[in-house]
Amino acid sequence: MQQRDVDIAIIGAGSAGLSAWHAANKYTDNVVLIEEGEYGTTCARVGCMPSKLLIAAAERAHQVRDAAGFGVEVENVTIDGCAVMARVKHERDGFVDSVLTSMQRIDEVKRLEGHARFIDAHTLAVGEHSRVRARNIIIATGSRPTWPGIFEGAGDRLIVNDDIFDWDDLPESVAVFGPGIIGLELGQALHRLGVRIRMFGIGGSLGPFQDATLRDYADQTFKAEFYLDPDAEVESIEREGDQVVVTFLERDTGQRLTEHFDYLLAATGRRPNVDKLALENAGLTLDDKGIPSFNRFTLQCLDASGEPSHVFIAGDADQELPLLHEAINEGRIAGDNAGRYPDCRVTQRNVALAIVFTDPQIATLGPSRGELEQRYGGHGCLAVGEVTFDKQGRAITIRENQGMLRLYAEHGSGQFLGAELFGPRIEHMAHLLAWALEQKLSVSRMLEMPFYHPVLEEGLRSALHDLNAKLRKGPGIIEHCMECGPGD
Ligand SMILES: Cc1cc2nc3c(=O)[nH]c(=O)nc-3n(C[C@H](O)[C@H](O)[C@H](O)COP(=O)(O)OP(=O)(O)OC[C@H]3O[C@@H](n4cnc5c(N)ncnc54)[C@H](O)[C@@H]3O)c2cc1C
Ligand SMILES: NC(=O)c1ccc[n+]([C@@H]2O[C@H](COP(=O)([O-])OP(=O)(O)OC[C@H]3O[C@@H](n4cnc5c(N)ncnc54)[C@H](O)[C@@H]3O)[C@@H](O)[C@H]2O)c1
């Protein structure tokens with residue numbers, strides 16, 4: 001049994017762990033990075049990057065098929081599933097390689113391979129081979145997919161996102177369970193690549209939407225493209241030969257259908273990897289899901305008496321905002337504070353920003369609609385402005401005139417509070433709005449910003465006009481805005 005004494009031990013060499021490692025190394029070179037699985041990060045291996053590669057192929061297929069709408073005839077569009085997957089895997093391997101190359105800068109003696117668990121508040125066991133005693137510990141263990149027991153009926157035809165990126169060819173059919181972020185992104189991409197899909201949800205929830213108006217709009221939009229039932233009645237899931245047999249009531253007809261699929265994709269949420277850390281030995285306060293309670297500005301976990309401890313948590317492991325940029329920011333804050341401990345600094349956190357790479361794209365920024373309702377709704381202080389893209393000029397020119405924006409602001413101050421967005425190329429507009437939110441701009445001030453013509457952001461300007469009118473700080477757009485160009 002190897003015994004190590006270190007200043008800082010980091011559990012997990014994912015995006016949060018690597019970011020923590022770089023920050024902590026500015027304070028001490030006695031840091032150890034512990035990893036139980038493959039190096040390369042979830043983001044590069046099975047998350048953000050391969051999913052966006054698959055989506056990019058699907059977008060191209062969709063554009064080619066849609067070309068006829070512009071008078072451009074493309075005949076015999078075929079999808080070569082093997083070529084699609086070969087590109088996904090080739091580019092994915094490139095992203096993983098770049099992570100592995102940067103990891104080579106970490107001295108081998110500073111890495112430990114094996115599963116880490118707490119022996120006591122300052123001691124970790126790593127596999128059966130090492131014990132690490134650390135002044136500070138950073139938990140950066142990420143998350144993993146989770147699914148209900150009924151899916152087990154699918155046997156080894158039950159897959160998660162990781163499995164898709166191992167395929168050599170595209171299958172004929174997939175039953176997608178969970179119209180959340182992963183389900184919508186991957187399900188729509190598979191559909192556009194010619195895979196027969198049905199998408200089943202539970203309780204009506206769809207993507208990250210909290211705004212019911214927007215959720216209904218998006219539901220109708222996606223439903224027009226592929227079979228989607230966010231509140232599905234699935235009666236059974238069974239295995240038959242090499243296939244999964246799903247019996248369900250069809251959304252519009254209520255008819256009982258039994259269909260065969262090659263796979264069942266479970267996209268029903270992720271759980272943080274904190275359940276196998278023996279946290280009961282760490283002397284921390286745990287919440288009702290077994291996740292350490294922590295301060296989001298220092299990333300410090302609370303000890304059993306509720307005081308800031310020497311243990312930190314970052315990335316998907318804390319489940320607060322399971323997104324890549326948050327994992328990196330949190331890793332940096334945790335690494336920095338572990339290095340400074342006990343003189344930990346409170347760090348400014350960015351406004352929440354999340355983008356879903358469906359078509360139309362989805363984005364949320366600022367506090368959720370639920371939080372805003374709680375803070376402002378009951379007092380009649382929340383104003384909502386909206387616009388649809390149906391008649392928006394630029395969106396019509398590119399045949400992407402589907403979508404709706406819902407923007408929120410505070411009555412009185414007129415301050416912009418956040419938004420839920422669904423529309424063409426929303427990733428860019430979401431950044432503009434997140435930056436405006438960071439700057440604490442009022443809606444009137446945002447309307448003073450330059451808007452080019454003809455661009456999708458003119459749709460945003462219309463939503464801002466509507467919001468400003470709801471705030472009673474300016475006129476709404478009654479008909480077409482005379483100051484604007486056509487199709488604002
Ligand atoms: C399909 C998919 C698509 C996504 N797309 C996006 C996107 O477009 N944009 C975006 O912002 N986010 C996206 N995400 C989310 C993003 O990938 C995660 O938020 C991010 O990768 C989390 O990083 P992390 O460091 O917390 O976890 P990870 O990168 O998973 O690292 C955790 C590491 O800890 C290790 N570990 C766990 N337990 C132990 C232990 N006990 N001992 C030792 N090691 C351990 C694991 O093996 C793992 O390597 C996506 C996720 C998925 C699944
Ligand atoms: N573009 C991005 O930034 C991106 C992309 C992918 C993943 N992610 C991250 O990964 C996280 C996890 O994504 P996810 O899609 O797995 O989780 P999610 O929470 O977004 O969605 C899970 C969905 O599954 C549904 N569901 C739950 N149980 C079900 C059941 N029994 N049958 C049918 N549906 C069921 C839920 O109602 C929900 O709609 C996200 O929260 C996000 O932070 C981000």
Side-chain angles (χ1 to χ4, degrees), residues 9-20 33-52 54-55 99 112-118 124-127 139-151 160-162 164-165 175-187 199-209 215 229-232 234 237 264-279 313-328 330-331 353-358 361-364 427:
I10 300 168
I11 315 176
S15 303
L18 289 173
S19 168
L33 184 61
I34 308 166
E35 173 57 54
E36 71 173 351
E38 281 181 75
Y39 290 122
T41 78
T42 291
C43 171
R45 285 191 308 106
V46 292
C48 327
M49 301 316 289
S51 61
K52 267 64 277 167
L54 191 76
I55 289 166
V99 178
L112 269 182
E113 287 175 17
H115 176 82
R117 61 194 188 283
F118 281 85
L124 298 171
V126 180
I139 300 170
T141 46
S143 62
R144 64 181 187 275
T146 171
W147 57 84
I150 183 180
F151 293 2
V160 295
N161 54 284
D162 303 32
I164 289 185
F165 309 122
V176 180
F177 278 76
I181 298 173
I182 292 179
L184 281 177
E185 281 190 354
L186 295 180
M199 196 179 291
F200 304 102
I202 198 166
S205 124
L206 184 68
F209 293 116
R215 185 175 55 228
D229 185 354
D231 190 16
V234 174
I237 296 170
L264 185 161
L265 171 65
T268 42
R270 295 175 68 85
R271 66 179 290 183
N273 293 322
V274 294
D275 49 327
K276 293 178 187 150
L277 287 172
L279 284 175
I313 189 162
D316 281 18
D318 68 36
Q319 216 188 20
E320 197 191 48
L321 292 161
L323 298 168
L324 191 272
H325 67 284
E326 295 289 352
I328 288 177
E330 290 186 358
L353 167 65
I355 296 167
V356 185
F357 295 84
T358 46
Q361 291 184 334
I362 304 167
T364 57
E427 58 185 285

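One-based numbering, in listed order, for ligands and for the atoms of each. Values below: every heavy atom of this structure, side chains too, minus hydrogens, waters and symmetry copies.
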Short N/O distance, under 3.5 Å, between [X] and ligand 2?
X      : value
Glu185 : yes
Pro148 : no
Ile182 : yes
Leu206 : no
Val356 : no
Gly201 : no

Contact with ligand 1 for Ala354, non-hydrogen, under 4.0 angstrom: no
Please confirm whether Val46 approaches ligand 1 to less than 4.0 Å, judged on its heavy atoms. yes
For the residue pair Leu277 and Leu124, establish whether any side-chain heavy-atom pair is separated by less than 4.5 Å.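 No, side chains not in contact.
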Does the distance from a Lys or Arg side-chain N to an Asp or Glu carboxylate O, for Asp275 and Arg144, drop under 4.0 Å?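 So Asp275 pairs with Arg144 through a salt bridge.
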Return the option from Asn161, Leu18, Leu324 holding the heavy atom at the smallest distance from atom 10 (C) of ligand 1.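 Going through Asn161, Leu18, Leu324 one by one, Leu324 has the nearest heavy atom to atom 10 (C) of ligand 1.
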Among Cys43, Ala278, Gly14, closest by heavy atom to atom 31 (O) of ligand 1 is Gly14
[atom]: which protein heavy atom is closest, and how many Å away?
atom                    : result
atom 28 (P) of ligand 1 : Thr42 OG1, 3.4 Å
atom 2 (C) of ligand 1  : Gly47 CA, 3.4 Å
atom 27 (O) of ligand 1 : Gly142 CA, 3.3 Å
atom 43 (C) of ligand 1 : Glu36 N, 3.4 Å
atom 33 (C) of ligand 2 : Phe200 O, 3.4 Å
atom 34 (O) of ligand 1 : Gly12 CA, 3.2 Å
atom 33 (C) of ligand 1 : Glu35 OE1, 3.6 Å
atom 42 (N) of ligand 1 : Ala116 N, 3.0 Å
atom 16 (C) of ligand 1 : Cys48 SG, 3.9 Å

For ligand 2, is there an atom lying under 4.0 Å from some heavy atom of Gly203? no
Hey, is ligand 1 close enough to [X] that some N/O pair sits below 3.5 Å?
X      : result
His325 : no
His115 : yes
Ser143 : no
Leu277 : no
Asp316 : yes
Pro322 : yes
Phe165 : no
Ala314 : no
Glu185 : no
Lys52  : yes

For Thr141 and Asn273, run side-chain hydrogen bond (donor to acceptor under 3.5 Å, both in side chains): C-alpha distance rounded to whole Å, both residues' side-chain angles, the deciding distance at 0.1 Å, then the answer. CA-CA 6 Å; Thr141 46; Asn273 293 322; 5.5 Å; no
Shortest non-hydrogen contact from Leu279 toward Val274: CD1-O, 3.5 Å
Can you list the steps and then say if Met49 with Phe165 is a side-chain contact (heavy atoms from CB on, under 4.5 Å)? CA-CA 10 Å; Met49 301 316 289; Phe165 309 122; over 6 Å; no
Proximity to ligand 1 by part of Arg270, non-hydrogen separation under 4.0 Å: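 It is the side chain that gets close, since no backbone atom is under 4.0 Å.
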